[in-house]
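Lettering follows sequence order; numbering is per chain, from 1.
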Amino acid sequence: MRLSIYNTLKRKKEIFEPLNPPHVGMYVCGPTVYGDAHLGHARSALTFDLVFRYLKFLGYKVRYVRNITDVGHLENDADEGEDKIAKKARLEQLEPMEIVKYFTDRYHANMDALNIQHPSIEPTASGHIIEQIEMVKTIFDKGYAYEAEGSVYFDVDKYSQDYDYGKLSGRKVEELLENTRELAGQEEKKNSFDFALWKKADERHIMQWKSPWSKGFPGWHMECSAMSKKYLGETFDIHGGGMDLLFPHHESEIAQSNAAQGKDAVRYWMHNNMITVNGQKMGKSLNNFITLNEFFSGKHEALQQAYSPMTIRFFLLQAHYRSTLDFSNEALQAAEKGMNKLFAAYDLIEKLPDTKSSSVDIAKYRDLCLKAMSDDFNSPVLIAHLFDLVKVINQVNDKKETLSKDDIVTLKQIFDDFLITILGIKSEKSTDNTQVVDYLMQTILDIRQNAKTNKDWATADKIRNDLNKLNIQVKDTKDGASWSFR
RNA sequence: GGUACCGUGGCCGAGUGGCUAGGCGGAGGUCUGCAAAACCUUACACAGCGGUUCGAAUCCGCUCGGUACCUCCA
């Protein structure tokens with residue numbers, strides 16, 4: 001089965017064919033570390049975690065690069081702008097690198113909680129100033145940039161005579177000229193849509209480096225171009241990021257690469273859609289975002305309860321990465337319940353009774369799951385197939401359907417591959433002291449059974465209710481009681 | 001204003017020409033001391049109006065409504 005990927009550049013799905021199989025190079029725009037990660041950051045990281053996991057599952061050797069932006073971009077494009085990290089550092093009276101370290105650590109902790117695998121390389125912008133300066137020089141030497149007052153700007157007008165500026169976002173240079181708003185401090189630029197490759201810093205700007213043009217800092221599109229080239233080469237397979245980065249960030253990256261090397265760097269552009277709150281984008285500028293730590297603790301006025309990392313992960317995976325996803329407590333609670341149901345069935349697989357023959361075609365589900373994932377990483381359809389299997393598992397358990405020993409093994413393998421390995425959903429139950437807990441529970445349930453035999457309902461119900469408070473669910477069946485963590 | 005996109009049942013959310021998506025919630029039933037879980041049955045849908053077609057949620061046009069990007073933002 002061939003993998004197809006929606007390529008933003010072509011606005012359609014394309015069969016994925018890596019440049020140098022079995023190797024795949026993937027670059028994803030990571031966070032600017034000046035605040036806690038919110039649900040939107042999780043979606044981006046998770047989208048490409050899914051891509052990373054599935055490509056590896058298909059046998060590719062993936063080099064996944066996700067950057068940490070620690071230089072800070074200007075709050076606006078005007079000369080007097082201050083970068084966000086520097087501003088935070090000033091307000092907190094800390095070194096910029098203390099801010100960077102603090103939020104990088106917190107970002108990593110959040111991503112680990114969400115069971116997001118680490119990228120192969122996680123380069124920082126501040127660690128690649130030399131590479132960025134080199135690339136600016138190259139662009140300058142090729143005539144696609146100009147210097148003004150110590151800053152270097154990309155000459156979009158010149159570039160668009162030789163290349164197609166706007167091919168990713170569908171914009172046209174003439175229209176940009178008419179529509180771009182006038183901002184203060186842009187007198188240095190030839191045109192309002194030109195963007196900075198290097199920016200001269202004033203004295204109070206804390207983060208600055210020497211360059212041929214001035215003491216300053218790189219423009220905000222440079223790091224991705226320079227670092228992807230360093231680690232993935234001039235041309236690589238996949239570049240990902242949030243849809244809000246499409247323009248101008250990714251459009252400018254394309255321009256920089258073409259200007260520097262005369263050819264495109266990226267073969268497949270992938271963009272995840274936004275999380276919305278009441279239909280509106282969740283974002284820093286709108287100040288309507290909920291951080292991941294707030295979700296995990298439930299401490300936010302918009303949250304009715306705490307939501308575990310796996311609930312968040314499952315919730316996000318229930319929507320396709322290219323659709324907007326609306327946040328609500330109701331939707332999150334539905335996801336939580338659905339996931340628990342999925343896990344209850346998963347735990348049941350190994351206890352299923354086997355028979356000589358099967359009444360259900362299990363093998364076809366494996367193909368259906370592969371088909372879903374190979375169709376532009378369609379995790380919601382994959383999850384729907386897994387829920388169909390949940391029904392099968394429960395029916396076999398109720399002896400309404402039958403499965404052979406081999407098919408039970410296949411079934412287990414499907415869940416291990418697709419739920420655990422590819423979707424990356426893992427059980428959040430504590431697995432400590434399992435044997436002891438099993439023994440204790442058996443004892444307690446025996447006592448309860450005695451009470452039930454004696455029609456001592458008060459004791460039987462007290463045991464059940466008290467266990468409920470510990471999130472232990474008691475299930476009475478014909479063959480006696482069983483239990484599970486909720 | 002320009003560019004891109006979206007409008008699916010109570011909620012979330014798949015589906016790009018014909019076959020039940022799925023989850024949560026609702027209703028009825030089986031099981032049960034009761035409950036839960038599970039199982040069975042079931043109701044509720046494709047923004048509106050035209051067009052193409054044997055056939056459209058799916059293609060085309062118009063209308064209405066919404067979102068994102070165009071200043072940093074996943």
Original post:
Can a donor-acceptor pair be found between the side chains of A:Tyr54 and A:Ser374 at a distance below 3.5 Å?
Top reply: yes
Original post:
Under the 3.5 Å rule, do the base of B:G23 and the side chain of A:Asn340 count as making a donor-acceptor pair?
Top reply: no
Original post:
Under 4.0 Å between a side-chain N or O of A:Lys281 and OP1 or OP2 of B:C69?
Top reply: yes
Original post:
Would A:Trp457 count as stacked on B:G33 if the rule is ring centres under 5.5 Å and plane angle under 30°?
Top reply: yes
Original post:
Which base, if any, makes a Watson-Crick or G-U wobble pair with B:U16, both distances under 3.5 Å?
Top reply: none
Subject >> Distance-only donor-acceptor test (3.5 Å): side chain A:Asp476, base B:A35 >> reply: yes
Subject >> Whole-Å C1' distance, B:U16 and B:C60 >> reply: 14 Å
Original post:
Think A:Lys341 has a side-chain N or O under 4.0 angstrom from the OP1 or OP2 of B:C24?
Top reply: yes
Original post:
Can you tell me how far C1' of B:U20 sits from NE2 of A:His385, to the nearest Å?
Top reply: 13 Å
**OP:** Write down the partner of B:A47 under the Watson-Crick or G-U wobble criteria, each distance required to be under 3.5 Å.
**Re:** B:U63
**OP:** Would you tell me if any nitrogen or oxygen in the side chain of A:Gln318 comes within less than 4.0 Å of OP1 or OP2 on B:C24?
**Re:** no
Subject >> Interatomic distance at P, B:A57 relative to B:A47, whole Å >> reply: 10 Å
Original post:
Taking the same atom, C1', in B:C6 and in B:C46, what whole-Å distance lies between them?
Top reply: 14 Å
Original post:
Is it true that A:Phe327 and A:Tyr307 have ring centroids separated by less than 6.0 Å?
Top reply: no
Original post:
Going by the angle between their ring planes, with limits at 30° and 60°, are A:Trp269 and A:His250 parallel, tilted or perpendicular?
Top reply: tilted
Original post:
Of the nucleotides B:C12, B:A37, B:C5, which has the atom closest to the A:Asp326 side chain?
Top reply: B:C12
Subject >> Aromatic ring proximity, centroids under 6.0 angstrom, A:Phe154 and A:Tyr159 >> reply: yes
Subject >> B:U3 - base-pair partner by Watson-Crick or wobble geometry, distances under 3.5 Å >> reply: B:A68
Original post:
Between A:Tyr321 and A:Gly338, which has a closest nucleotide on RNA chain B that is more 5'?
Top reply: A:Tyr321
Original post:
Looking only at atom C1', what distance separates B:U58 and B:G7, rounded to whole Å?
Top reply: 14 Å
Original post:
Separation of A:His250 atom NE2 from B:C73 atom P, in whole Å?
Top reply: 9 Å
**OP:** Rounded to the nearest angstrom, tell me the gap between atom CE in A:Met274 and atom P in B:C6.
**Re:** 15 Å
Original post:
Between A:Phe327 (CZ) and B:U67 (C1'), how many Å, whole number?
Top reply: 18 Å
Original post:
Taking OP1 and OP2 of B:G15, is either one under 4.0 Å from a side-chain nitrogen or oxygen of A:Asn378?
Top reply: yes
**OP:** Can you label the angle between the A:His221 ring and the A:His249 ring as parallel, tilted or perpendicular, going by 30° and 60°?
**Re:** tilted
Subject >> Whole-Å gap separating C1' (B:U71) and CG (A:Leu286) >> reply: 13 Å
Original post:
Hey, does the side chain of A:Ser323 come within less than 4.0 Å of B:G13's phosphate (OP1/OP2), counting only N and O?
Top reply: no
Original post:
Atom CG of A:Leu352 and atom P of B:A38: how far apart are they, to the nearest Å?
Top reply: 15 Å
Original post:
Which whole number of Å gives the distance between the P atom of B:A4 and that of B:C39?
Top reply: 47 Å
**OP:** Using both distances under 3.5 Å as the test, list the Watson-Crick or G-U wobble partner of B:A27, or none.
**Re:** B:U41
Subject >> Salt bridge A:Lys391-A:Asp388, side-chain N to carboxylate O under 4.0 Å >> reply: no
Subject >> Carboxylate-amine/guanidinium proximity below 4.0 Å for A:Asp367 and A:Lys364 >> reply: no
Original post:
How far does the P atom of B:C5 sit from the matching atom of B:C24, given to the nearest Å?
Top reply: 34 Å
Subject >> Under-4.0 Å side-chain N/O to phosphate OP1/OP2 contact, A:Asn394 with B:C39 >> reply: yes
Original post:
Starting at the 5' end of RNA chain B, which residue's closest nucleotide do you reach first, A:Asn272 or A:Glu330?
Top reply: A:Glu330
Original post:
To the nearest angstrom, how far is A:Leu332 atom CG from B:G23 atom C1'?
Top reply: 13 Å
Original post:
Does the side chain of A:Lys399 get closer than 4.0 angstrom to OP1 or OP2 of B:C39 through an N or O atom?
Top reply: no
Subject >> Separation of B:G1 P from A:Lys172 NZ (nearest whole Å) >> reply: 18 Å
Subject >> Distance-only donor-acceptor test (3.5 Å): side chain A:Asn273, base B:C5 >> reply: no
Original post:
Salt bridge or not for A:Lys371 and A:Asp375, using N-O below 4.0 Å?
Top reply: no
Original post:
How far, in whole Å, is B:G50 from B:G28 if one measures between their C1' atoms?
Top reply: 42 Å
**OP:** Measure from the side-chain heavy atoms of A:Ser328 and tell me the nearest of B:A36, B:C11, B:C34.
**Re:** B:C11
Original post:
Within the structure, does a side-chain N or O atom of A:Lys391 lie under 4.0 Å from either OP1 or OP2 of B:C40?
Top reply: yes
Original post:
Hey, is the side chain of A:Arg464 pairing donor to acceptor with the base of B:A35 inside 3.5 Å?
Top reply: yes
**OP:** For B:A43 versus B:G23, give the span between their P atoms, rounded off to a whole number of Å.
**Re:** 16 Å
